[in-house]
Structure formats: structure tokens, C-alpha cells
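Please read the structure below before turning to the comments.
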Amino acid sequence: MTLEECYTALGGDYQDVLGRLRSEKLVSKFLLKFLDDGSYDLLVTSMDKGDWSEAFRAAHTIKGVCQNLSFTRLFTSASQLCEALRPGGPPQSPDLFTQVKTDYEATLSAIRTYQAGLPA
């Protein structure tokens, strides 16, 4: 899988991120670093505990990282969840968190597939 194909699979905007980071090498580097980001785990834990301020912080971090990396699909769902958590309580719709989970897993799957095709 090429880097551009990875972006298509994860619902991102390859041309946008390439314009921002200016080289495929940098895009690839930061794309792979996403696998080690702990914000999603913090979001899941915080949502499970009902710690809405920490869940907001985690969703906000995911939103920012996704915006910088042009992960459009995950950015959109994380942004919606972030805004729902902003008032400091649980989101009115549990579907928002479910959508973030779905989009996050699709993003990880695409990145892992890309990573598996890289030379050792």
C-alpha cells in the first residue's frame, strides 16, 4: 500500500497533509507515530469512568492531531465528540463515541497495513 492509498483508506486528505509537511518522508514519519499516541486510550478510559473533563481533553487532542495529519474522517468524528463533551458532561448521543471508535479502528487498520508493506 502506498502512502496515498493509506490516506484514501483512512479517509484522509493526502494532498492537504503533503502540502503542510512538504515531503512524503515526513508524512510517513508522523503517520507511523500516530500508532504510539495514547490519547485514544485516555479517551476510552475517561469515557468509561465518566471523567468528562479528561475525556474532553483526550478528544480535543485527537481532534488536533487528526487535523494536523489531515485524517479527515477521524477528525470529523473526534471534533463532534469534543464539542459534545465541552460543556463538561456526557455526550447527549452515545453514537458520537461509537463513531470515534469506528473511525479510530479504521485509521489504525490502514496505517498498520501501510506499515506492513514498508521495507524492513
Side-chain angles (χ1 to χ4, degrees):
M1 170 184 281
T2 67
L3 187 55
E4 188 168 4
E5 290 168 339
C6 177
Y7 263 80
T8 298
L10 63 81
D13 187 333
Y14 177 72
Q15 293 304 318
D16 185 62
V17 74
L18 191 57
R20 182 175 301 109
L21 297 180
R22 302 280 182 206
S23 80
E24 281 195 5
K25 185 176 180 178
L26 274 178
V27 173
S28 180
K29 175 184 173 180
F30 288 110
L31 175 88
L32 295 173
K33 281 185 176 260
F34 184 79
L35 296 173
D36 298 324
D37 183 82
S39 301
Y40 178 76
D41 292 335
L42 179 61
L43 175 64
V44 171
T45 301
S46 301
M47 292 291 288
D48 288 346
K49 288 181 182 177
D51 185 346
W52 309 122
S53 63
E54 195 66 13
F56 169 77
R57 190 174 74 79
H60 193 272
T61 300
I62 293 167
K63 178 180 95 165
V65 169
C66 290
Q67 184 175 30
N68 288 333
L69 292 175
S70 301
F71 293 174
T72 309
R73 183 184 311 142
L74 183 54
F75 166 77
T76 300
S77 60
S79 182
Q80 290 169 347
L81 179 60
C82 183
E83 291 310 308
L85 290 166
R86 188 176 295 277
Q92 295 298 313
S93 172
D95 293 343
L96 295 174
F97 184 46
T98 301
Q99 189 62 52
V100 169
K101 287 182 187 180
T102 299
D103 294 344
Y104 182 82
E105 289 301 322
T107 299
L108 284 191
S109 177
I111 295 171
R112 287 182 179 136
T113 300
Y114 168 73
Q115 184 182 39
L118 293 175

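Sequence neighbours left out, not one pair with a member in residues 42-53 passes salt bridge (Lys or Arg N to Asp or Glu O under 4.0 Å). A salt bridge (Lys or Arg N to Asp or Glu O under 4.0 Å) check over residues 13-26, counting only residues at least two apart or in different chains, returns the pairs D16-R20.
L10 and M1 fall within the same hydrophobic cluster, defined by Ile, Leu, Val, Met, Phe, Trp and Tyr side-chain heavy atoms under 4.5 Å apart, directly or through other members. Following chains of ILVMFWY side-chain contacts shorter than 4.5 Å, one can reach L3 starting from V17, so the two form part of one hydrophobic cluster. F75 is not connected to L108 by any chain of hydrophobic side-chain contacts under 4.5 Å among Ile, Leu, Val, Met, Phe, Trp and Tyr, and they are in different clusters. Y40 and L42 are not part of a single hydrophobic cluster, where members link through side-chain heavy atoms under 4.5 Å apart.
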Would you list the atom pairs, donor with acceptor, under 3.5 Å between side chains in residues 26-38 and any protein atom, with sequence neighbours excluded?
from	atom 1	to	atom 2	distance (Å)
S28	OG	Y114	OH	2.8
D37	OD2	S39	N	2.9
D37	OD2	S39	OG	2.8

Name the atoms and distances for all side-chain donor-acceptor pairs under 3.5 Å in residues 76-84, with sequence neighbours left out.
from	atom 1	to	atom 2	distance (Å)
T76	OG1	T72	O	2.9
S77	OG	L74	O	3.3
S77	OG	D103	OD2	2.8
E83	OE1	R86	NE	3.0
E83	OE2	R86	NE	3.4
E83	OE2	R86	NH2	2.8

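Listed by chain and number, the residues in a side-chain hydrogen bond (donor to acceptor under 3.5 Å, both in side chains) with T2 are E5 (sequence neighbours excluded). By the side-chain hydrogen bond (donor to acceptor under 3.5 Å, both in side chains) test, E4 pairs with no residue at all, sequence neighbours left out. Under the side-chain hydrogen bond (donor to acceptor under 3.5 Å, both in side chains) criterion, T45 pairs with no residue, sequence neighbours left out. N68 meets the side-chain contact (heavy atoms from CB on, under 4.5 Å) test with no other residue; sequence neighbours excluded. Among residues two or more places apart in sequence or in another chain, the side-chain contact (heavy atoms from CB on, under 4.5 Å) test is passed with A106 by R73. Not counting sequence neighbours, the partners of E54 by the salt bridge (Lys or Arg N to Asp or Glu O under 4.0 Å) test are R57. Annotation: side-chain hydrogen bond (donor to acceptor under 3.5 Å, both in side chains) contacts of Y104 (sequence neighbours excluded): none. Scanning for side-chain contact (heavy atoms from CB on, under 4.5 Å) contacts around S93 gives D95, L96, with sequence neighbours left out.
Between Y14 and T8, every side-chain heavy-atom pair lies at or beyond the 4.5 Å cut-off.
C6 and A110 make their closest contact through SG-O, 3.6 Å (heavy atoms, listed as atom of the first residue, atom of the second, distance).
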